[in-house]
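Have a look at the structure below, then the notes.
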Amino acid sequence: MAKTPITVAHGDGIGPEIMDATLSILKEAGAELDIETIEIGESVYLRGNSAGIDPSAWESLRRTKVFLKAPITTPQGGGFKSLNVTVRKTLGLYANVRPCVSYHPFVQTKHPVMDVVIVRENEEDLYAGIEYRQSDDVMMSLKLISRPGSEKICRYAFEYARMHNRKKVTCFTKDNIMKMSDGLFHKVFEEVAKDYPDIENEHWIVDIGAAKLADKPETFDVVVLPNLYGDILSDVAAQITGSVGLAGSANIGEGAAMFEAIHGSAPRRAGQNLANPSALLLGSVLMLVHIGQAACASRVHNAWLKTIEDGVHTYDIFRDEVSKEKVGTKEFAQAVIARLGKTPETLNPVEYKEVSDPGKVPTASPRVVSPKKTVGVDVFVQYQAGTADDLAATLEPVAGDFTLKMISNRGMKVWPGGAPETFCGDLYRCRFVHPEEGGTVSHQQIVDLLGRVGGAGIDFVQTQNLCYFNDERSYTLSQGE
Ligand code: NAD
């Protein structure tokens, strides 16, 4: 078999020790790897590179497209950007995959039967990081969910399920509230599910879904989520297996992929041959499957399961009742190497399928351009001079060829006919529409309107066109509208 080039970073803290342990196991297991080493993390940050990664490292990553990364230390103090976010966004790593498995009775857990894979969208949602202060009272963060982004991650989840003999994919959203953004994710999930009739699918509202996941994880299989819910629930899921220290993760994109442990660099444990290399090793197993070395991945994973089952444990999972031998990082690696070729007896052995086209991941369908018309505009204004009625009295005379349809505050209609009890901050949304239902307005009319609003002494801070796509209203009504 030809060797696959990969880029390896040894990281900071316990990183170099767990990476050495991992690579020694991969070598003995017969992984066909051609390793390029790069330096990332603390030393790079402290040399003045605010993202913790040098241009030469990017060259290696672009060449190999596969990155096995040990944890790094982010230096204290401001001005340092997250290396993980930089790598994910630069390389378009849209899927974050985290298997969360219980190893009962060998690792203590309240959930003995748990084998859940969290597939988290990795690029969109509130993580676009587009935020503004809009007024004295209000900060805004934009939540962006796209059709291609949702399609790629949902398709990835179903493809993952099919490849790994999983029976069900569950989607969590909050589309009872966020009908358009989470609504799109849910809708695309259902569309994609139709292409996988062999796999069961279901959807839960994220709040009750999260409660169920924490209480009865054995009822879930693969779970696909938008970014923020996925970030939170992937940590919950890893924690309830008994230890976040045993989970590896994959960050997958169309052109590259990164594999890592989910834990950090544990600086207080560094250099003492104490750290558990399991999470990085399991991350490297995901890598082997991704690059088409499934047999080797199974060999490593089964030897690791056997080691855990035999009670050979590092300090973090050592318990007198079940552990037999407390070992350091190096000795743990040697114990795994000694068990290569063996399979576990109590824990379920794994057998990864060979993929015909390694590294290939789902892409989005071509964009469908829809007929669109603009029927009005929401003008957000900072207003502190009076009530919503006073604001309406100032705006109605300058509405011109628009009708001022309503004013809302924090999404609640406060004019016309607002409730006196409703609390108002200083940011109002003023909805101007064509006087006839569905009538269209031009960009120039909107620009002229803004000129008149500004001329009336009103401080507008943001506008949002109100559109119909495919003759469908493509904005929400405010509560009470
Ligand atoms: P951490 O995950 O490093 O440590 C949390 C706790 O878990 C500590 O008690 C630690 O000793 C223990 N632990 C973690 N990994 C272990 C292992 N393999 N074996 C045994 N014990 C282990 O989290 P932290 O202390 O919040 O962060 C330390 C540093 O790591 C920070 O600089 C942080 O920015 C960085 N970090 C990096 C990554 C990454 O590179 N992906 C992720 C998280 C944190």
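Whatever order the structure lists ligands and atoms in, that order sets their numbers, starting from 1. Residues take their numbers from the sequence shown, with the count starting at 1.
Proximity of atom 6 (C) of ligand 1 to the protein is not indicated, since no non-hydrogen protein atom lies closer than 4.0 angstrom. By the definition of a contact as any protein heavy atom under 4.0 Å away, atom 15 (N) of ligand 1 is in contact. Counting only heavy atoms, the protein gets under 4.0 Å from atom 1 (P) of ligand 1.
Between Phe259 and His290, the ring centre distance stays below 6.0 Å. Separation of the Tyr132 and Phe380 ring centroids does not fall under the 6.0 Å cut-off. The aromatic ring centroids of Tyr229 and Phe185 lie 6.0 Å or more from each other.
Contact analysis puts Lys69 in contact with ligand 1, with a non-hydrogen atom separation below 4.0 angstrom.
Of the protein's non-hydrogen atoms, the one nearest atom 34 (O) of ligand 1 is Thr74 OG1, 3.3 Å. For atom 28 (C) of ligand 1, the nearest non-hydrogen atom of the protein is Pro267 CD, 3.7 Å. Nearest protein heavy-atom contact of atom 40 (O) of ligand 1 is Ile72 N, 3.0 Å. Protein heavy atom at the shortest distance from atom 30 (O) of ligand 1 is Ser265 N, 3.0 Å.
Rounding to the nearest 0.5 Å gives a distance of 9.5 Å between CZ of Arg120 and CG of Leu225. Atom OG of residue Ser141 and atom OH of residue Tyr127 lie 10.0 Å apart, to the nearest 0.5 angstrom.
At a cut-off of 3.5 Å, with distance as the only test, no side-chain donor of Trp204 or Thr170 sits close to an acceptor on the other residue.
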